[in-house]
Structure formats: C-alpha cells, structure tokens
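Before any comments, here is the structure.
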Amino acid sequence: GAVVSQHPSWVICKSGTSVKIECRSLDFQATTMFWYRQFPKQSLMLMATSNEGSKATYEQGVEKDKFLINHASLTLSTLTVTSAHPEDSSFYICSARKREWNNEQFFGPGTRLTVL
Amino acid sequence: GNSVTQMEGPVTLSEEAFLTINCTYTATGYPSLFWYVQYPGEGLQLLLKATKADDKGSNKGFEATYRKETTSFHLEKGSVQVSDSAVYFCALNPNAGGTSYGKLTFGQGTILTVHP
C-alpha cells in the first residue's frame, strides 16, 4: 500500500502559460500532502504543506500566487504553476501523509517541468 | 533551525565494496531520522528510518544507527551492488510536539555510482 502518483510525469510548456500537476494517493486517504521542488543535483526544498479542506501553508520565499495549491479531497492535491517562466523549470515532487502513520511520508515519482 | 549535512559526492565504488555515507544533523528535541533513495528518473523511496536515540534502521542490507551524542545517522552497507547506484538523501522530521511536525528537512543528497 501507500502509493502516490503524479500526473503528468513530464511537461513542456511555453513561457507565460499555466501548468497543473496532480498528486494522488491511490490506496489511502492523505490528510496532508507536501509539495517539493528539486533542482538538478540538489536537495528537495519544501514549497508548501497542503491539508485537505484548508488553505495551503507556504514556506518562506515561495510565491503563493505563482504556485497555486488545491487539496480538494483526501486523495488529490494539485499544484498549478501560473504564468510559467524558464526559471520555473524544475522537478516537482509531492508526498502524502496519513495522520495515523505518524511522521512517515510517501513520495510521488515527480513531474519534470520544462518552460521554453 | 533544523539542518542536515551529508558528505559530498559523488561516491564511486566497485561492486562488493563497503559503503559509508556520512550524515549529521542539527535539531532541537528528538527528531526522527530517515534515509531516502532516489533512482534515476524516479521519486524518493524510504530506505530506512530511526525514531529515537540508539535505534538502528535497516533495509536491503543498508543500516544506519541514530547517534544522539554525535548527532549522526551514517548510512552503511557491507557489499554494494550495481543496482544500488542512486542518489541517497538523509532527512529529519522534527519533534512531534513542534509546529513544524511533519515537515522533512533534507540533506543535499549523495550520488552513488557502483561499477561492476
């Protein structure tokens, strides 16, 4: 159990367009989902924490109007990169956590975003 | 604040060699400690974890012991295989009583390449 999927696995878009990335917990209900950004050969940086039914909590320095997060159900969270620019190109990874599982997070496979 | 420092890579080994990847941390209270592995093109997978001092996490031949006196959680494997080639991340999850509970802090990652 504890499978997390992301869609799409990769996306290429033009500068100025918006891109939506989905994160789904396939076999459990996730009370909390996290969104990370990973630059090439670097560590993961937490962008925001998303709790079902409430607004996301963004980390310092992350533009909430740029990176829109919606956690509408216990199995789905979405990250929308609005008006994407080349500097937004990165690997975006989500993780999901279930309250009863204490502090363990399960990670999705990631989405590679390339903005031309 | 919390931080995790890993030994810099890349690490290149021959098959059946002994592996050590150092990890030290800074945190208040009693964090949980994790090692994650990321294979090429994939998301992170939990490799092992330890939730309190002197705990030893182990999985797939890998081990790490939570050393509070040295604030370390070094990853070891006695005999590496080509299939172990991946990026390894050390991470901590802070004290459950804190407001940052559930947020993982990652080290910068260590690239391991194992040659036949």
Side-chain angles (χ1 to χ4, degrees), chain A residues 1-10 21-26 30-52 56-62 71 90-112, chain B residues 1-11 21 23 25 27 29-52 55 57 59 86-113:
Chain A
V3 178
V4 177
S5 70
Q6 283 184 239
H7 179 80
S9 55
W10 59 269
I21 301 169
E22 293 184 349
C23 176
R24 293 183 185 272
S25 54
L26 299 185
T31 48
T32 305
M33 288 185 171
F34 301 87
W35 286 96
Y36 295 86
R37 182 172 179 176
Q38 184 181 28
F39 292 98
K41 298 184 180 180
Q42 293 188 30
S43 187
L44 282 74
M45 299 300 295
L46 179 66
M47 299 174 66
T49 302
S50 170
N51 292 299
E52 188 268 338
T57 302
Y58 290 81
E59 295 299 300
Q60 192 172 10
V62 177
H71 192 166
S90 192
F91 196 53
Y92 292 89
I93 301 174
C94 73
S95 70
R97 182 170 68 95
K98 187 174 181 179
R99 186 181 298 118
E100 293 81 1
W101 292 344
N102 206 7
N103 55 12
E104 184 165 353
Q105 295 179 29
F106 295 90
F107 286 80
T111 296
R112 172 75 60 195
Chain B
N2 302 318
S3 67
V4 176
T5 303
Q6 289 179 233
M7 66 182 285
E8 290 195 23
V11 174
I21 301 177
C23 171
Y25 68 90
Y30 299 91
S32 296
L33 301 173
F34 304 83
W35 276 100
Y36 285 87
V37 58
Q38 184 179 33
Y39 297 103
E42 299 182 15
L44 274 70
Q45 301 175 28
L46 178 63
L47 180 60
L48 55 83
K49 66 178 181 181
T51 58
K52 61 183 187 297
D55 267 3
N59 185 26
V87 183
Y88 292 81
F89 292 94
C90 185
L92 72 81
N93 189 316
N95 189 337
T99 56
S100 56
Y101 174 68
K103 295 184 182 180
L104 288 170
T105 298
F106 286 88
Q108 67 269 39
T110 302
I111 300 172
L112 170 66
T113 302

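Per chain, numbering begins at 1; letters A, B, ... match sequence-line order.
Rounding to the nearest 0.5 Å gives a distance of 5.0 Å between OH of A:Tyr36 and CG of A:Leu46. The structure places SG of A:Cys94 at 10.5 Å from CD of A:Gln105, a figure rounded to the nearest 0.5 Å.
Among residues two or more places apart in sequence or in another chain, the side chain to side chain contact (heavy atoms under 4.5 Å, CB included) test is passed with A:Met45 by none. Residues satisfying the salt bridge (Lys or Arg N to Asp or Glu O under 4.0 Å) test with A:Glu52, not counting sequence neighbours, are none.
Inter-residue side-chain proximity for A:Cys23 and A:Val4 is flagged as met; some heavy-atom pair is nearer than 4.5 Å.
In this structure, no portion of B:Gln45 lies under 4.5 Å from any heavy atom of chain A. Interface remark: A:Gln38 contributes side-chain atoms only to the contact with chain B (heavy atom separation under 4.5 Å). For chain A, the nearby parts of B:Phe106 are the backbone and the side chain; heavy atoms of each come within less than 4.5 Å. In this structure, chain B has a heavy atom under 4.5 Å from the side chain of A:Ile93, while its backbone stays farther away. Both the backbone and the side chain of B:Leu44 come within less than 4.5 Å of a heavy atom of chain A.
Interface remark: of the candidates A:Glu59, A:Gln6, A:Arg112, A:Glu59 forms the most heavy-atom pairs closer than 4.5 Å to chain B.
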